[in-house]
Visitor: 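Supplied in structure tokens, the structure appears directly below.
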Amino acid sequence: MTDLRDAGTRPTVSAEAAKNARLTGVLGIAFAVLMVLALLFVNRSPGLGVSDSAYESFYGQGGTTVLITVGLYLVPFAGIAFLWHMTALRLLVRELAPDLPGIPSTLQLLSGGLFVGLLFCGTAAAGAVALVNDIGTGPLPGPDVGRALTSIGYAIVFVYAVRAAGMYVMTTTTLLMKAGVLPRWLGVLSYLLAVAMLVATTFNPAVVLVLPGWAVIVGVVVLVRAGRPGAPAPPEAAS
């Protein structure tokens with residue numbers, strides 16, 4: 001195993017660590033692309049403030065809900081890519097620093113899995129009417145039911161899933177910094193983003209996109225700093 005934190009030397013990155021670093025980067029980008037597309041499509045559904053007439057008009061127009069349904073089907077693939085990304089990252093950290101404390105590692109695993117589960121539930125509720133409209137055979141729910149489902153979806157995603165994502169960013173940052181992979185400036189920025197997600201009270205979809213954007217940046221940095229077997233460890237890690 002390669003411990004990037006050994007003092008006095010510049011250890012090299014093992015082949016196994018480099019493979020997991022590459023997987024972390026590629027899967028982080030895949031997760032971000034799928035997540036952005038899915039949320040853009042699902043967010044086309046009527047919001048909480050639309051009138052009954054606007055609600056009925058939206059769902060009465062043929063073909064307007066197809067992209068929402070496509071978004072619902074993309075969400076599971078975004079979640080799967082995220083789980084693969086998280087697993088590759090955990091294997092990378094374990095390879096580079098096997099003696100890390102268990103609490104942040106366990107919290108990172110739990111918060112990542114919780115984020116995916118909440119994302120699935122929230123987007124399913126928000127896009128349920130569109131799914132019924134596209135593939136169902138019964139009558140559509142009325143505006144009151146539709147708004148209730150949207151409210152549940154918003155609460156699950158913006159109140160709960162975003163905070164699970166903030167916890168994931170915070171614990172992952174801790175693991176990567178202790179393993180010597182993350183530069184200090186990115187670690188500080190990551191902690192600030194995590195705190196922002198933990199205290200956010202907005203329903204703006206941009207807050208959900210913080211995690212995929214962060215995953216791309218971290219994935220690229222990990223790929224550059226630990227993606228080549230035999231490459232010297234970063235200076236921060238060896239100090």
Side-chain angles (χ1 to χ4, degrees), residues 27-50 54-55 58-59 64-87 107-136 138 140-172 193-216:
L27 291 167
I29 295 173
F31 158 65
V33 171
L34 290 168
M35 181 81 167
V36 169
L37 287 176
L39 291 180
L40 285 176
F41 291 163
V42 173
N43 195 53
R44 291 171 58 88
S45 58
L48 298 177
V50 300
Y55 175 93
F58 178 85
Y59 287 108
T64 59
T65 57
V66 172
L67 286 180
I68 302 175
T69 301
V70 171
L72 289 178
Y73 278 95
L74 285 177
V75 169
F77 292 102
I80 291 169
F82 175 80
L83 292 175
W84 275 82
H85 164 76
M86 179 178 68
T87 301
L107 288 175
Q108 189 240 14
L109 177 63
L110 292 175
S111 58
L114 185 61
F115 164 75
V116 172
L118 291 170
L119 178 69
F120 286 2
C121 294
T123 52
V129 177
L131 189 66
V132 171
N133 188 51
D134 286 331
I135 66 175
L140 287 179
D144 290 343
V145 175
R147 274 191 287 270
L149 287 170
T150 302
S151 299
I152 294 171
Y154 277 26
I156 293 174
V157 172
F158 291 104
V159 178
Y160 299 104
V162 168
R163 281 157 180 79
M167 191 65 181
Y168 175 82
V169 170
M170 182 175 293
T171 52
T172 302
L193 291 175
V195 171
M197 284 189 282
L198 287 172
V199 301
T201 57
T202 179
F203 279 179
N204 191 313
V207 72
V208 186
L209 298 179
V210 172
L211 177 60
W214 176 84
V216 170

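For the numbers below, each heavy atom of this structure counts, side chains included, while hydrogens, waters and symmetry mates do not.
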Visitor: Check the pair L118 / V157 against side chain to side chain contact (heavy atoms under 4.5 Å, CB included), numbers first and verdict last.
Guide: CA-CA 6 Å; L118 291 170; V157 172; over 6 Å; no
Visitor: Taking OH in Y160 as the centre, count heavy atoms belonging to other residues, nucleotides or ligands within less than 6.0 Å. Is the count above 12?
Guide: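 No - once you tally the heavy atoms of other residues, nucleotides and ligands closer than 6.0 Å, there are 12 at most.
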Visitor: Taking atom CG of L140 and atom CG of N133, what is their separation to the nearest 0.5 Å?
Guide: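 Between L140 CG and N133 CG, I get 4.5 Å after rounding to 0.5 Å.
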Visitor: If you compare all heavy atoms of G127 against all heavy atoms of I68, which two are closest, and at what distance to 0.1 Å?
Guide: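 Residues G127 and I68, closest heavy atoms: CA-CG2, 4.2 Å.
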Visitor: Anything under 30° is parallel, anything over 60° is perpendicular, the rest tilted; go ahead and classify F31 against H85.
Guide: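 F31 vs H85 ring planes: parallel.
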Visitor: What's the shortest heavy-atom distance between V42 and G71, and which atoms?
Guide: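 Minimum heavy-atom contact is CG2-C, 3.7 Å.
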Visitor: What do the steps show when you test F82 against F77 for ring pair (Phe, Tyr, Trp, His ring centres under 6.0 Å), and what is the final call?
Guide: CA-CA 8 Å; F82 175 80; F77 292 102; over 10 Å; no
Visitor: Compare every heavy atom of A130 with every heavy atom of T65, then report the nearest pair and how far apart it is.
Guide: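 For T65 versus A130, the nearest heavy atoms are CB-CB, 3.8 Å.
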Visitor: Given the rule in the side chain to side chain contact (heavy atoms under 4.5 Å, CB included) test, do V129 and Y55 qualify, once you have shown the distances and angles that lead to the verdict?
Guide: CA-CA 11 Å; V129 177; Y55 175 93; 3.5 Å; yes
Visitor: So which heavy atom on W214 is nearest to which on L193, and how close?
Guide: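 Between these two residues, the closest heavy atoms are CD1-CD1, 4.1 Å.
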Visitor: Search all heavy atoms of V208 against all heavy atoms of M35 and return the closest pair with its distance.
Guide: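 Nearest pair, atom of V208 first, then M35: CG1-CE, 3.6 Å.
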Visitor: Flag the pair Y59 / S45 as yes when at least one side-chain heavy-atom distance between them is below 4.5 Å, and no otherwise.
Guide: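 The answer is yes, as the side chains (C-beta and beyond) meet within the 4.5 Å cut-off.
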Visitor: Could you grab the distance from atom OG1 of T123 to atom CG of L39, nearest 0.5 Å is fine?
Guide: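 If I round to the nearest 0.5 Å, the distance is 8.0 Å.
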Visitor: Could you report the tightest heavy-atom contact between A125 and I152, atom names first, then the distance?
Guide: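 Of all heavy-atom pairs spanning A125 and I152, the closest is CB-CG2, 4.3 Å.
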Visitor: Report the C-alpha separation of F158 and T202 in whole Å, then their side-chain angles, then the decisive distance to 0.1 Å, and conclude whether the side chain to side chain contact (heavy atoms under 4.5 Å, CB included) test is met.
Guide: CA-CA 7 Å; F158 291 104; T202 179; 5.8 Å; no
Visitor: So, does R147 use its side chain to make a donor-acceptor pair with the main chain of V50 at under 3.5 Å?
Guide: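 Here the side-chain-to-backbone pair exists.
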Visitor: To the nearest 0.5 Å, tell me how far L72 CG sits from L131 CG.
Guide: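 Atom-to-atom, L72:CG and L131:CG are 6.0 Å apart.
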Visitor: Any donor-acceptor pair under 3.5 Å linking the side chain of S111 with the backbone of Q108?
Guide: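 Such a contact is found between S111 side chain and Q108 backbone.
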Visitor: Heavy-atom count around Y73 OH within 6.0 Å, excluding the residue itself: above 12?
Guide: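 Result for OH/Y73: open.
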Visitor: Go through it in stages, so that I can follow the logic: the residues are M170 and V195, the test is side chain to side chain contact (heavy atoms under 4.5 Å, CB included), and I'd like the CA-CA distance, side-chain angles, deciding distance and then a yes or no.
Guide: CA-CA 8 Å; M170 182 175 293; V195 171; 4.2 Å; yes
Visitor: State the CG-CD1 distance between L34 and I29, to the nearest 0.5 angstrom.
Guide: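 The CD1 atom of I29 is 12.0 Å from CG of L34, to the nearest 0.5 Å.
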Visitor: Hey, what do you get for CG (L74) to OG1 (T69), rounding to the nearest 0.5 Å?
Guide: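 If we round to the nearest 0.5 Å, L74:CG and T69:OG1 are 11.0 Å apart.
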Visitor: Under the side chain to side chain donor-acceptor pair (under 3.5 Å) test, which residues partner R163, sequence neighbours left out?
Guide: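 R163 satisfies side chain to side chain donor-acceptor pair (under 3.5 Å) with no other residue.
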Visitor: Please walk me through it: do Y168 and F115 pass ring pair (Phe, Tyr, Trp, His ring centres under 6.0 Å)?
Guide: CA-CA 8 Å; Y168 175 82; F115 164 75; 7.8 Å; no
Visitor: Rounded to the nearest 0.5 Å, how far does CG of L109 lie from CE of M86?
Guide: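 The CG atom of L109 is 5.0 Å from CE of M86, to the nearest 0.5 Å.
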Visitor: Does a side-chain heavy-atom distance below 4.5 Å link S151 with L48?
Guide: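 Yes, at least one pair of side-chain atoms sits under 4.5 Å.
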